[in-house]
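The structure appears right after this line, and notes come after that.
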Amino acid sequence: MSCGQTSPEAQVHLSTTTTDATYHWFTPWMPAIGLDNVKAVLRSHAVSGNFQVRLAMQVALVRTEQPEAPTTLDQLLVGDGERCTGVISVANDTSTKFFVRFGVAYSLSSGSALGQADLSFAVSHTQCGQLVGARSLSLASSASADAFATVTGFVPAILVQKVKAVTVCRSLTGNFQWKLCYRTATTSKENPSAWTPLTNYEGSGEFDSGDLALNVDSSMYVQFGILYHSTSGAGDAQVDTTFAVRRG
């Protein structure tokens with residue numbers, strides 16, 4: 001498990017004629033699991049007009065095509081200059097979201113005359129977390145007794161202090177219900193424990209579990225899945241789930 005990385009330094013030419021913020025994203029969407037701190041360098045040169053820029057972040061709860069509004073971090077860099085932001089905690093934002101990306105917000109400090117700059121950007125982040133599995137499942141049940149479907153393989157438990165999952169449940173019929181679950185294996189994957197629920201029953205929609213604390217220190221492995229049943233009669237659904245885990 002990697003505990004962080006630094007993006008390659010990138011250079012772009014940015015221009016604007018408005019005091020409203022425009023955003024340029026330097027990183028792709030990445031899993032937010034375990035991404036607690038960020039630090040960036042901004043170098044703004046060949047500046048003309050009232051150009052200003054600052055570090056920006058955007059998160060998405062479940063799907064990247066439905067992100068939340070961008071937010072800005074650290075202070076403005078106005079005109080020619082260079083700045084290291086120092087370490088900025090973003091844990092309050094990333095702990096309840098599944099995806100995050102970083103870039104800059106740029107604008108004019110005043111007026112409407114063209115402002116522009118050659119901007120260099122690099123960002124580092126700490127992240128002791130990773131994706132561990134995803135599946136698209138067609139599930140059906142006509143019984144109130146719980147059934148189980150695996151989503152991940154067995155994961156080394158030493159990597160897991162918290163788990164987070166996003167799930168999209170669609171095409172639900174009848175009284176079908178589901179919830180996240182896990183099981184452990186103390187010494188052998190061939191002899192796992194019973195499945196244990198992680199969340200309450202859910203129905204149709206999109207769901208982000210947020211970080212869920214999990215104590216599996218006494219086991220060697222842990223596996224994640226979906227528990228499901230029908231409260232009465234037959235029911236089914238398409239359930240798409242992705243799990244991620246983190247330390248700390």
Side chain to side chain donor-acceptor pair (under 3.5 Å) between T184 and S193, worked out: CA-CA 5 Å; T184 59; S193 69; 3.3 Å; yes

Check the pair N175, S230 against side chain to side chain donor-acceptor pair (under 3.5 Å), reporting the backbone distance first and the verdict last. CA-CA 5 Å; N175 296 306; S230 176; 5.1 Å; no

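Side chain of D80 to main chain of A46: a donor-acceptor pair is present (N/O by atom type, distance under 3.5 Å, no hydrogens or angles). A donor-acceptor contact shorter than 3.5 Å links the side chain of T152 to the backbone of F224. Judged purely by atom type and a 3.5 angstrom limit, Q127 uses its side chain to pair as donor or acceptor with the backbone of I33. Counting only distance, with no hydrogens or angles, the side chain of T85 and the backbone of A40 share a donor-acceptor pair below 3.5 Å. The backbone N or O of E68 lies less than 3.5 Å from a partner atom in the side chain of Q58, making a donor-acceptor pair. When atom types are taken as modelled, the side chain of S204 and the backbone of C169 share a donor-acceptor pair closer than 3.5 angstrom. With hydrogens and angles disregarded, no donor-acceptor distance shorter than 3.5 Å links the side chain of R83 to the backbone of R54. In this structure, the side chain of K164 engages the main chain of K97 through a donor-acceptor pair within 3.5 Å. H229 places a side-chain N or O within 3.5 Å of a backbone atom of S144 that can act as its donor or acceptor partner. Distance alone, capped at 3.5 Å, is enough to place a donor-acceptor pair between the S209 side chain and the A165 backbone.
Salt-bridge formation is detected for the pair D240/R170: a Lys NZ or Arg NE/NH1/NH2 atom is positioned less than 4.0 Å from an Asp or Glu carboxylate oxygen.
Under a cut-off of 6.0 angstrom, the local environment of CE in M220 is sparse, with at most 12 non-hydrogen atoms contributed by other residues, nucleotides or ligands.
Taking the six-membered ring for Trp and thresholds of 30 and 60 degrees, Y221 and F154 have ring planes more than 60 degrees apart, a perpendicular arrangement. Ring geometry, W29 versus F99: the interplanar angle exceeds 60°, so the pair is classed perpendicular (tilted spans 30 to 60°). Ring geometry for F102 versus H125: interplanar angle under 30°, hence parallel rather than tilted (30 to 60°).
In the hydrophobic clustering of ILVMFWY residues, with side-chain heavy atoms under 4.5 Å counting as a link, V100 and V90 come out together.
Counting only residues at least two apart or on different chains, the salt bridge (charged side-chain N to carboxylate O under 4.0 Å, His left out) pairs with a member in residues 181-208 are R63-E206.
Taking the six-membered ring for Trp, W25 and Y23 have ring centres closer than 6.0 Å.
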